[in-house]
Every structure is written in structure tokens, then in C-alpha cells.
**Student:** 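Quick one: this structure, given as C-alpha cells, is what I'll be asking you about.
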There are 2 protein chains.
Amino acid sequence: MNRTTQVAASLSEEEARLPASERAYRQLKQLILDNEIPAGSQMLELEAAARLGMSRTPVREAMVRLEQEGMVELRSRHGMRVLPISPDALAEIYEILTALEGAAAEAAARKGADDSQLADLQHAVDDMEVALASDDLIRWSRADARFHRLLVELAGNRRLAALVEQVSDQAHRARLTTLRMRPKPVGSNRDHAALVQAIRDRDPQRARDIHEQHRRRAAQMLVSLVRDFGLKQL
Amino acid sequence: MNRTTQVAASLSEEEARLPASERAYRQLKQLILDNEIPAGSQMLELEAAARLGMSRTPVREAMVRLEQEGMVELRSRHGMRVLPISPDALAEIYEILTALEGAAAEAAARKGADDSQLADLQHAVDDMEVALASDDLIRWSRADARFHRLLVELAGNRRLAALVEQVSDQAHRARLTTLRMRPKPVGSNRDHAALVQAIRDRDPQRARDIHEQHRRRAAQMLVSLVRDFGLKQL
DNA sequence: GGATGCGTTTATGCATACATTAATTGATGC
DNA sequence: GCATCAATTAATGTATGCATAAACGCATCC
């Protein structure tokens, strides 16, 4: 097959020279996160290979990585199956996120942040405020994601950051779907502002308490939302 | 090549009929955990394939999984490199373990355990006592591992359990090496007994506090031990 | 009409072939 | 003697070939 065949999305120059297996991994993951391969649906190795313009080998490698991350399930003869997120699964994921990000908040407050880092955090909070005022949910969720990422980076634990990203990705589609169903995240913003203050004050215990409460509330809201809407899988 | 060639460790009947990629994954991981492939050492795909009596394909798949787990690093042209555990890495790993297992202890106390489960936990504690009294460090560490595994299972969160195992494996070699260097784990046993009581009493907050303190102390001890002995990598 | 069994198809799992590229070695020039 | 550059080697990354085994369809039988 012609090496330059491009069936899938066009690639930036930079992406084009990445190893095919890495491209396969990123593109498949993106397709899943964007809900373009819906939960529960299956995709054969050969299908994916054709779609991405490469052979089965790098595609298989990508699928193995995605399985290891908990995004898909590999069933022999049926290719990969995008794992649906049940309400119970969502509860499990948020229980883990609460623990990990709570530890991150504590560590961030213990280590302290410099002015530039605090400004970044504050900027994300402000961004959320603005988005909320203008009913821009997409912008709000982007700023929220940025806030959480910055927070976790402040903890200065690379393994922790990688784990949080991995687990958080598993809940991505659920957040996406419920974004328009949930009440306006007003309380969320208050929590974030209070957390920034706790980090500024170098108060690890308070930082952790605030963030854990924040995550727990978000989890309860999300899970009951999903349950009440009868969404068996996302 | 003859399909039955067996260069590596002999396999049980059961293991023999597992997919080659699964065998490769388990055997390579075991070799790493047992320190038979020392930290920092490299192994080419072809070497591993010859050693395991299979082709590069399943070996490569196994290596990808091990990399995703943080056990090895894949460097093009140099095969896989067993990641050494620096004191800083150990601190990172224990920070994560503390958070995850703390959450597990809390959940276990919240959900409660039935008599059989409590008995299993208690039995592990007793086992540690006996092992300690007879200076049997191997037995002690086995019982300790069992206790932690039971505890995490009690939380009833499969994703959490899988993550804890993955992260805990990363610290395995460090525990192994320091087992004979550390002071006798007397306090450890007291912590465990107190934790069982907290679960019995259905006191989530206390369970979590006890276990987090336990892990934090263990972490401090391990990290400073490793640092003081000048062990740059394990 | 439905179930059962056989032959065919198909996707995988692994082995192998091939192209690519980094490392190494050796030769040559200074 | 040392540095530079080309040629060779070696290991990967990807594609392809092939055996296996599961799923499917179809025909036959009850």
C-alpha cells in the first residue's frame, strides 16, 4: 500500500514523522475521547489499520496500550471494544481521582507555589468565572481541566500526574455528556478559589480537605445525574 | 524454530497454553521483580525472544505493557531498560500509595467487612506477629503483602485495586533490598492491628488516618534508609 | 418450523521479511 | 597520532505471510 495514503484526519507536519504506533495510539485515543468511536462499539484491527493508513502491527500496539490504560477491552476476534462507563464505574473512577488529587493539593500547598504559578491558577479560576457568567460551558470545562492540570503539576510528582491524567481520561466522556445536563457549576468556582488561597497560605491540610470535598461533591452530582437519566453506559 | 523450545524457566501446564504475549509479559515482569534482570540493565527484543523461546512480536507487546506500567523504559535500538528506583522515585511512589491505600482503608471501613473477611485480615496480622517473633523476614513480608492486598480488596473498587498493585510493584525491588537493612517492623504490626479495629468499628476517618500514618512512616523510613546507604538506584 | 452439524469464512496471534536509521568500525588525510 | 567520513552492522519499526480457531451460514434432519 502506498505509504502516503491518508484516510483519517490530516496530520500536522510534526505528527507525520512520529512512529506509526504512536500516531495510532494518539488518534485512536482522540477518537474515543471525542466520542467518535462510541462506547460499546467495536473496531477490528484491520478496520483501524485501514482508517489510519497503516498495517495491523502498529495498530495492535496502540490497542494494547489503550487496554492497559483501561480505555478499551481487547476481545479476541472482535477487536477492541470501547469500554462503556457505568454509574458504578464512574463512582470508582472518582473515588480514585479524589484520593490522588487530594494528595496533589496537599503536596502543592506543602511545597508552595511561586507567584507565576499562583497567577496561572488564579487565571484559570477567573476564566471559569467569566465562562460561567457568559454561559460558555465549553470554555468553562476547558478552564476547569486546566486548573486541575496545573494543580497536579504543582505537586511535583510526575508519576502522580501521569496517573491522574490516565484516570481522568477514563471519565472524560462522562463529563462531556453531562456538561449540559448538570446545574451550573457555581459552587465549583468557590471551591477552586478557596483552594488557591489554601495553597497561597501554605496550608496542606486545608488544601486537601477543600479539594476532596470538591471532588466528592462533583462525583455525587455526576453519578446521580447519570443514574437518574438512566444512562446505563456512556 | 521448533515451537516447543524452552530456554527459560519451565512452565506449568496451565501457563504453557497461555498466549505467548501473556507468557512474555508475566515472565519478564517476574524476572524484573525478582531482580534477575537488575535495575538499569538493558535487554534487546531479540535477546528476550531467544530467552523465552518465541519471536520478537509477542515480546515487543509485553515490553510495551511493561513500559506503560512504569517498570521499564523502551529506548529505540537499546531494547528495554529496567528503570532504577532512585530515592526520589521511591518517595513519589509512596506518596501515591499512601493516597490510594488511605482511600481504600476509608472505603473498607465505610462498607464494612464480614466476619470471614475480618478473620482473614486478623490472620495476616497474627502471621506477621509470629514471623516477627521468629525473625522470619520473608514470612513477615509475605504476610504484610497479603494484609495490604486484602485491605485493598475490601474497598470493593477494582480499578483502585489494579492501580495499587501496579504502583506497589514499582516499589517491590526497593522493599526487597531494604528488608534486611531496616529495623524490625514492630510499629508496623501495631498499625495493622489498629486498622483492623477501625474497620471493625466502621470508623472510616480513623481507618484512613491510621493507614496513612502507617504508609507515611514506612515511606520515610525506606527513603532515608536508601538515601543513607547511598543506594542511588535499586 | 426449528435445531443441529458441517463446511466456509474471517480475525487473530505469531513468525518472518524488509526498510530504515543509528552506532560502530575502519580507512584515509592531515 | 588524531580527527573525519564513509561503509558496514545491527536493532528497530512496520508490513506481510501463515496457521489456528472461532463465528457464520447453509443444508439437512427431526
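We name chains A, B, ... by the order of the sequence lines, and we start the count at 1 in each one. On a predicted model such as this, the values are computed, not experimentally measured, just so you know.
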**Student:** Could you verify whether a donor N or O on one side chain and an acceptor N or O on the other, from B/Gln42 and B/Arg75, lie under 3.5 Å apart?
**Tutor:** yes
**Student:** Between B/Arg17 (CZ) and D/dT20 (P), how many Å, whole number?
**Tutor:**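 Computing the B/Arg17:CZ to D/dT20:P distance gives 16 Å.
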**Student:** Quickly work out the B/Leu18 CG to C/dT12 C1' distance and round it to whole Å.
**Tutor:** 16 Å
**Student:** Nearest whole angstrom, please: distance from the P of C/dT10 to the CD of A/Glu47.
**Tutor:**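 It is 13 Å, rounded to the nearest whole Å.
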**Student:** Could you state the atom-to-atom distance from CE of B/Met54 to P of C/dT16 in whole Å?
**Tutor:** 13 Å
**Student:** With a cut-off of less than 4.0 Å, is there a side-chain N or O of A/Ser21 near OP1 or OP2 of D/dT14?
**Tutor:** yes
**Student:** Considering just the side-chain nitrogens and oxygens of B/Ser55, establish if one lies under 4.0 Å of OP1 or OP2 belonging to C/dA15.
**Tutor:** yes
**Student:** Output the rounded distance in Å from CE (A/Met63) to P (D/dT14).
**Tutor:**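 Nearest whole value for this atom pair: 15 Å.
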**Student:** Report, as a single string ordered 5' to 3', how protein heavy atoms within less than 4.0 Å touch nucleotides 7-12 of chain D: B base, S sugar-phosphate only, - not at all.
**Tutor:** ---BBB
**Student:** Ignoring hydrogens and angles, state whether a donor on the side chain of A/Ser168 or A/Arg149 is under 3.5 Å from an acceptor on the partner side chain.
**Tutor:** no
**Student:** Rounded to whole Å, please give me the gap between CG in A/Leu74 and P in C/dT12.
**Tutor:**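 After rounding, the reported distance stands at 9 Å.
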**Student:** Considering residues at least two apart in sequence or located in another chain, which fulfil the salt bridge (charged side-chain N to carboxylate O under 4.0 Å, His left out) criterion with A/Arg173?
**Tutor:**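 Per chain and number, A/Arg173 pairs via salt bridge (charged side-chain N to carboxylate O under 4.0 Å, His left out) with no residue.
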**Student:** Does either side chain, that of A/Gln27 or that of A/Arg51, offer a donor lying less than 3.5 Å from an acceptor on the other one?
**Tutor:**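 Per modelled atom types, A/Gln27 and A/Arg51 side chains form no pair under 3.5 Å.
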**Student:** Would you mind reading off the distance between A/Tyr25 atom OH and D/dT14 atom P, rounded to a whole angstrom?
**Tutor:**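 Atom-to-atom, A/Tyr25 to D/dT14, this comes out as 16 Å.
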**Student:** Roughly, in whole Å, what's the span from CD in A/Glu61 to P in C/dC14?
**Tutor:**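 One finds 14 Å between P of C/dC14 and CD of A/Glu61, rounded.
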**Student:** Would the B/His192 and B/His211 ring centres measure less than 6.0 Å apart?
**Tutor:** no
**Student:** If you take all heavy atoms of B/Ile85 and B/Ala171, which pair is closest and at what distance?
**Tutor:** CD1-CA, 4.5 Å
